[in-house]
Enquirer: 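Here it is: the structure, laid out below.
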Amino acid sequence: EVQLVESGGGLVQAGGSLRLSCAASGFSLDDYAIGWFRQAPGKEREGILCISRRDGTTYYADFAKGRFTMAYDYDKNTVYLQMNSLKPDDTAVYYCAAHSDVYGSKCPASPSEYNYWGQGTQVTVSS
């Protein structure tokens, strides 16, 4: 069974850093595109970044460039979202997701194309 479980959310002051974890089970990280998303109250879910090591595709939202990065720990089958220089506008529920289909595992253009989602973890940035 494929499962994604996020953790690491919490309250942080503006300018601080936070690292979120996404523990995967039931599949190999390299076989899927892994994406991170967030959803603030009253707003649509927006993409943060995506990496597909199998297909060599990446995507970074403009707001994420230079502040957010993703790292892999294959021993733990876990990916991490490192977030630096956090701002109050970064307050949201953060989700990780995984995508693969018969055509490959390129980073999808739409959140609806992701096969699996975690439950989300709340990040609150205080001013």
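In this chain, numbering begins with 1 at the start of the sequence shown.
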Enquirer: Test of understanding: clusters of I, L, V, M, F, W, Y form through side-chain heavy atoms closer than 4.5 Å, transitively. Do Tyr32 and Val5 belong to the same one?
Expert: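 Each belongs to a different hydrophobic cluster.
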Enquirer: For the backbone of Pro108 and the side chain of His99, can you confirm whether one donor and one acceptor N or O come within less than 3.5 Å of each other?
Expert: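 No.
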Enquirer: Is there a path of hydrophobic side-chain contacts, each under 4.5 Å between heavy atoms of I, L, V, M, F, W or Y residues, that connects Tyr59 with Tyr116?
Expert: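 Each belongs to a different hydrophobic cluster.
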Enquirer: Side chain to side chain contact (heavy atoms under 4.5 Å, CB included), that's the test. Do Leu18 and Leu86 meet it? Break it down for me.
Expert: CA-CA 8 Å; Leu18 206 59; Leu86 285 164; 3.9 Å; yes
Enquirer: Compare every heavy atom of Thr91 with every heavy atom of Val125, then report the nearest pair and how far apart it is.
Expert: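 Nearest heavy atoms, Val125 then Thr91: N-OG1, 2.9 Å.
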Enquirer: Tell me the closest heavy-atom pair linking Trp36 and Tyr80, and the distance in Å.
Expert: CZ2-C, 4.3 Å
Enquirer: Kindly indicate whether a cation-pi arrangement holds for Arg67 with Tyr60, taking the cut-offs as under 6.0 Å to the six-membered ring centre and within 45° of the axis.
Expert: no
Enquirer: Using only atom types and a distance under 3.5 Å, with no angle test, would you say the side chain of Ser52 pairs donor to acceptor with the backbone of Ser105?
Expert: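 Looks like yes, one N/O pair under 3.5 Å.
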Enquirer: Taking the side chain as every heavy atom from C-beta outward, state whether Asp73 and Val79 have any atom pair closer than 4.5 Å.
Expert: no
Enquirer: Any sub-3.5 Å donor-acceptor pair from Thr57's side-chain atoms to Cys107's backbone N or O?
Expert: yes
Enquirer: Check the pair Asp62 / Lys65 against salt bridge (Lys or Arg N to Asp or Glu O under 4.0 Å), numbers first and verdict last.
Expert: CA-CA 5 Å; Asp62 287 342; Lys65 294 175 182 177; 3.3 Å; yes
Enquirer: Mind checking the CG-CZ spacing from Asp90 to Phe63? Nearest 0.5 Å is all I need.
Expert: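 Answer rounded to 0.5 Å: 7.0 Å.
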Enquirer: Can you give me the closest heavy-atom contact between Ala61 and Gly47, atom names plus distance?
Expert: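 Smallest heavy-atom distance, with atoms named: CB-O, 3.4 Å.
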Enquirer: Minimum heavy-atom separation for Gln119 and Leu4, please, with both atom names.
Expert: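 So the minimum-distance heavy-atom pair works out to OE1-O, 3.7 Å.
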Enquirer: Only counting residues at least two apart or in another chain, list the ones meeting side chain to side chain donor-acceptor pair (under 3.5 Å) with Arg54.
Expert: none
Enquirer: Assess the pair Tyr74 and Tyr72: is the distance between their ring centroids shorter than 6.0 Å?
Expert: yes
Enquirer: Please test Glu113 against Asp101 for side chain to side chain contact (heavy atoms under 4.5 Å, CB included), starting from the C-alpha separation and ending with a verdict.
Expert: CA-CA 9 Å; Glu113 296 179 63; Asp101 60 25; 5.7 Å; no
Enquirer: Walk me through whether Arg38 and Arg45 qualify under side chain to side chain contact (heavy atoms under 4.5 Å, CB included).
Expert: CA-CA 6 Å; Arg38 68 186 187 183; Arg45 187 169 298 188; over 6 Å; no
Enquirer: Tell me if a side-chain donor or acceptor on Gln39 pairs with a main-chain N or O of Tyr94 at a distance below 3.5 Å.
Expert: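 Checked: no pair found.
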Enquirer: Return yes if some donor-acceptor pair links the side-chain N/O of Asp30 with the main-chain N/O of Arg53 below 3.5 Å, else return no.
Expert: no
Enquirer: State whether the side chain of Asn115 and the backbone N or O of Ala97 hold a donor-acceptor pair below 3.5 Å, judged by distance alone.
Expert: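 A pair under 3.5 Å: no.
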Enquirer: Taking the side chain as every heavy atom from C-beta outward, state whether Trp117 and Cys96 have any pair of such atoms under 4.5 Å apart.
Expert: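 No. Closest side-chain heavy atoms not under 4.5 Å.
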Enquirer: Between Tyr95 and Phe37, does the ring centroid distance fall short of 6.0 Å?
Expert: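 No - the distance between ring centres of Tyr95 and Phe37 does not fall below the 6.0 Å cut-off.
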Enquirer: Please answer whether the main-chain N or O of Cys22 pairs with a side-chain N or O of Glu6 as donor and acceptor at a distance below 3.5 Å.
Expert: no
Enquirer: Rounded at 0.5 Å granularity, tell me how far CZ in Phe27 sits from CG in Asn77.
Expert: 6.5 Å
Enquirer: Is there side-chain contact between Met83 and Leu20, with at least one heavy-atom pair below 4.5 Å?
Expert: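 Yes, close enough: below the 4.5 Å cut-off.
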Enquirer: Over all heavy atoms of both residues, which pair between Thr78 and Leu29 is shortest? Give the atoms and the distance, please.
Expert: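 Reported closest heavy-atom pair: N-CD1, 3.6 Å.
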Enquirer: Please lay out, stage by stage, how Thr58 and Leu49 fare under the test side chain to side chain contact (heavy atoms under 4.5 Å, CB included).
Expert: CA-CA 7 Å; Thr58 60; Leu49 61 83; over 6 Å; no
Enquirer: If you take all heavy atoms of Val93 and Gly120, which pair is closest and at what distance?
Expert: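 Heavy atoms of Val93 and Gly120 come nearest at CG1-CA, 3.9 Å.
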Enquirer: Does Ile48 belong to the same Ile/Leu/Val/Met/Phe/Trp/Tyr cluster as Tyr114, with side-chain heavy atoms less than 4.5 Å apart forming each link?
Expert: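 Shared cluster, no.
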